[in-house]
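First up is the structure itself, then whatever we jot down about it.
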Amino acid sequence: MSSQPPVSNFIRSIIDADLASGKHTGIVTRFPPEPNGYLHVGHAKSICLNFGLAADYQGKCNLRFDDTNPEKESEEYAQSIQDDVRWLGFEWNGPVRWASDYFDTLYDFAVELISKGLAYVDDLTPEQMREYRGTLTQAGKNSPSRDRSAAENLDLFARMKNGEFADGAMVLRAKIDMTSPNINMRDPVIYRIRRAHHIRTGDAWCIYPMYDYTHCISDALEGITHSICTLEFEDHRPLYDWVLDHITIPCHPRQYEFSRLELHYTITSKRKLLQLVNEKHVGGWDDPRMPTISGMRRRGYTPEGIREFARRIGVSKSENSVDMAILEGAIREDLEARAPRVMAVINPLKVSITNFDGASEREADFHPQHPEFGKRVVPFGHELFIEADDFAEVPPPGWKRLTLGGEVRLRHSYVMRCDEVVKDAAGKVIALRCSIDHATLGKNPEGRKVKGVIHFLSAAHALPAEFRLYDRLFTVAEPDADREVDFCNYLNAGSLTVVQGWVEAAVRDAVPETRYQFERLGYFCTDRRDHQAGKKLVFNRTVTLKDSWTRE
RNA sequence: UGGGGAGUCGCCAAGUGGUAAGGCAACGGGUUUUGAUCCCGUCAUUCGUAGGUUCGAUCCCUACCUCCUCAGCCA
């Protein structure tokens, strides 16, 4: 896929201005996931933004895990995230960073804040703290602990760290302003006591810093120039700045927020995706119906296609709900150029060729525009499979495919006429008896035009295969729009159809994650988990071909 | 009804004082041994609404409307 020029957006404008003014001579961004779930298409947007910016401006982009909540984080998630970022085609600057690498420094800065009288230990219960916080329209009030001396706070905080208090018994709070109209500034908690095993630091700590406190300092420690996050953090920015303004640190990154991606007919909420996995609505995080990066990968989406999708949707601050068509269009465009063509029949109808004698096979290109993809032989036989959908006894208006008495071109082979329909006792069509025009191999018939082209397989040569046909996971465009209705009510019962069919022998030895276009059916990809080259062929339908017929 | 944001074509999205880019989708037409691809064409006198400033406003000002977001010892 030819990479298109970058699209202008407000963040690029800011960077351009920062570079032009000399505020920065280069940029450093970061992608900061919490290892508490698998990455999804929304993260892909963020990854493409952060890593893409670094690449475009010859800057750097760090991968940093925001691992400050040991109760939800795991090594499995951390590993999958690294795999996903790499698979998407990006490499981070230097080693993987972990917020937990900064725990000592973070602790020291907390001590500095306490010493300056800018942080205090509070022993209000969570319920009391909520009451003291006030509401959206009412100012909060000061905690009785707010005026503790720095010396006492220093002592208490050290004892918190040393494990002298129970989990949740005390917290460290920034002393800002309980009457601030911005609730984030009403003395936010910056450290809590939690005896939980941390994936990196084990049991070394029983106090853990909060996100708001950790993130800005981590950014500053890494020399991040532009700290890009999603809109819900907009009103955390004053706190981000407050922390950096009140500790002794030479760097002050600026935070910019963009709107998160919403994709029609799916969800992009880690919590809800976890629910789908836990409640077994899908096979796992990498179920091909999932909007996770690993799910999209298993389905057959390409990194290039996903990156193109990110480019097409752009970056802004307005709410957006993107059509699936944009994602599918980007994927199709990439696959169109790179996937070899081959034939498969997923809903077979048997055809006997009554005048087979003398018929022969034919070579065919793997790609109509790329002869360099090579050729293979498309065998012919006296027994064929065609797609049941390609035959109609009573064709609708405009039908170009096979019908009784009608002719059709067999792709890469002969023109064939249907002479007889074979039905079972119930009247269901079970087979066709057809004849070919021997003069039409590699040339058009004389004196008439045959419009329709259908794909087929020689029954004697075809290989059995499993096809997993995927459809949208939900029945409505915005399954989580209604707070009153659980999104699981909108799960599409037909999102997965598994069928047994046939495929050209040319794909026999395809390794897992091999992509093909099955002509007229769509793009397919051998399954990463279940496909076995030469043994068990399992194809996932990545996306159908655009179809201007069945839509009518 | 406190604070912070957003409103430009069906879906995204540039433009931000000089008279509305682009993509996707859609719709016509051409090519085609994939109803695919490809090619050509059509698709906002109008930028949430109402006023105002200006020779001129999507862009500046005022008011209003709508939507999103914040009251975790989550991130």
Legend entry - Residues which pass side chain to side chain contact (heavy atoms under 4.5 Å, CB included) with A/A139, listed by chain and number, not counting sequence neighbours: A/T179
Legend entry - Sugar-phosphate only, base, or nothing, as touched by A/L124 at under 4.0 Å among non-hydrogen atoms: base
Legend entry - Residue list, side chain to side chain contact (heavy atoms under 4.5 Å, CB included) with A/R200, at least two apart or on another chain: A/D67, A/W98, A/S100, A/D101, A/H198
Inset, instruction - Sugar-phosphate atoms are those with a prime plus P, OP1 and OP2; base atoms are the rest. Using that split, label each nucleotide of nucleotides 39-44 of chain B B, S or - for protein heavy atoms under 4.0 Å, 5' to 3'. - result: ------
Inset, instruction - Determine which pairs satisfy ring pair (Phe, Tyr, Trp, His ring centres under 6.0 Å) with at least one residue from residues 162-194 of chain A, sequence neighbours left out, and list them in order. - result: A/F157-A/Y191, A/Y191-A/Y213
Legend entry - ring pair (Phe, Tyr, Trp, His ring centres under 6.0 Å) pairs, two or more places apart, involving residues 317-345 of chain A: none
Legend entry - Partner residues of A/Y523 under the ring-ring contact (aromatic ring centres under 6.0 Å, His included) criterion, sequence neighbours left out: none
Inset, instruction - Taking side chain to side chain contact (heavy atoms under 4.5 Å, CB included) as the test, write out the residues that go with A/K161, two or more places apart. - result: A/Y107, A/W205, A/I207
Inset, instruction - Would you mind building the protein contact string for nucleotides 12-24 of chain B? One character per nucleotide, 5' to 3', B for base within reach (heavy atoms under 4.0 Å), S for sugar-phosphate only, - for untouched. - result: SSSS-------BS
Legend entry - Partner residues of A/N182 under the side chain to side chain contact (heavy atoms under 4.5 Å, CB included) criterion, sequence neighbours left out: A/S180, A/N184, A/M185, A/D235, A/P238
Inset, instruction - Using the salt bridge (Lys or Arg N to Asp or Glu O under 4.0 Å) rule, collect all pairs that involve residues 186-198 of chain A, keeping only residues at least two apart or in two chains. - result: A/R146-A/D187, A/D167-A/R195
Side-chain donor-acceptor pairs of residues 361-369 of chain A under 3.5 Å, sequence neighbours excluded:
{"residue": "A/D365", "atom": "OD1", "partner": "A/K375", "partner atom": "NZ", "Å": "2.9"}
{"residue": "A/H367", "atom": "ND1", "partner": "A/R341", "partner atom": "NH1", "Å": "3.0"}

Inset, instruction - Output yes when A/R64 and A/E222 qualify as a salt bridge under the 4.0 Å nitrogen-oxygen rule, no when they do not. - result: yes
Inset, instruction - Starting from the 5' end of RNA chain B, give me the residue, A/R341 or A/D67, whose nearest nucleotide shows up first. - result: A/R341
Legend entry - RNA chain B contacts made by residues 161-175 of chain A, counting heavy atoms under 4.0 Å: A/G168, A/V171
Inset, instruction - Return the nucleotide paired to B/G41: Watson-Crick means purine N1 to pyrimidine N3 with N6-O4 or O6-N4, wobble means G-U with N1-O2 and O6-N3, both under 3.5 Å. - result: B/C27
